[in-house]
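Computed from a predicted model, the values in this text were never measured in an experiment. If you read the sequence from its start, that first residue is 1, and numbering goes on from there.
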Amino acid sequence: MAVAYHSHKLCHLNAIKSHYETHYYSNFTSQIGEKAKTLPDGSFNDRFEKSYNFKEVLFSYRMSTLHGKFEGEINTLPSGNRVIKGTTEIQFIDWFSDPVDMRQITLLLINQLRSNPMKDKEIAEFYRIWSEVGGKPYPILEKWDRKIEINIQ
C-alpha cells in the first residue's frame with residue numbers, strides 16, 4: 001500500500017481550497033439550497049461526491065474528487081425567507097503515479113529502433129505504455145471544514 005501524502009505537506013492545501021471556493025463552492029451551495037426548499041425546518045444533512053478539474057492548481061491533479069457531508073439546520077425567518085446554516089466536511093483525493101525514468105525508456109526505444117524500425121504511432125504507443133509501467137500510485141488526501149450560511153427567498 002502506498003503512503004498517503006497530505007496536500008498541506010506538499011504546500012498545496014491553500015491552493016486547493018482557493019480553487020474549490022472560486023470554481024465549485026457555488027455549485028455545492030446551489031445543490032444544498034435546492035434540496036432545502038422542499039424540506040421543513042429542522043435538521044438537514046446531505047452527502048456529495050463529484051470529480052472536478054484541479055489542473056490549475058497543479059498539472060498532475062487533473063480530475064480530483066471532492067466528497068463529504070453537510071450537517072446543518074433549516075430555519076424560516078418571520079419574513080418568510082429561509083436560512084440554512086451548517087458545516088461541510090470536505091475531503092479531497094487525487095492519485096499521483098510516480099513515473100518511471102524516461103531516460104531509461106528512451107534508451108530502450110533507441111535500441112528497439114535500431115533493430116526494428118517503428119512508425120510514429122507505434123512510438124507514441126510505446127511511450128504511453130512504458131511511461132505508465134512501474135509508476136507507483138500515491139494518494140493525495142486532504143480534509144477541511146467549511147461553515148455555510150445560505151439565504152433562500
Same cluster for L39 and I150 if Ile/Leu/Val/Met/Phe/Trp/Tyr side chains link at under 4.5 Å?
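Yes.
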
Any salt bridge between E142 and K17, counting N to O under 4.0 Å?
no

Are E49 and R47 ion-paired here, with the side-chain N under 4.0 Å from a carboxylate O?
no

Say whether, by atom type as modelled, one donor and one acceptor occur between the side chain of T22 and the main chain of S18 under 3.5 angstrom.
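It does hold such a pair.
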
Does the R82 side chain pair with the main chain of A36, one donor and one acceptor, at a distance under 3.5 Å?
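Yes.
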
Please give me the minimum heavy-atom distance between [X] and [Y], naming the atom from each residue.
X	Y	result
R146	I90	CB-CD1, 3.9 Å
I84	G33	CD1-CA, 4.4 Å
N45	G72	OD1-N, 3.9 Å

Is the F54 to F92 ring centre distance short of 6.0 Å?
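Aromatic pair counts; centres sit under 6.0 Å.
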
Distance, nearest 0.5 Å, that separates CZ of F48 from OH of Y24:
14.0 Å

For the side chain to side chain contact (heavy atoms under 4.5 Å, CB included) test, which of K35, E73, E71 pairs with F44?
K35

Would you say the side-chain atoms of T87 and D145 include a donor-acceptor pair closer than 3.5 Å?
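Per modelled atom types, T87 and D145 side chains form no pair under 3.5 Å.
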
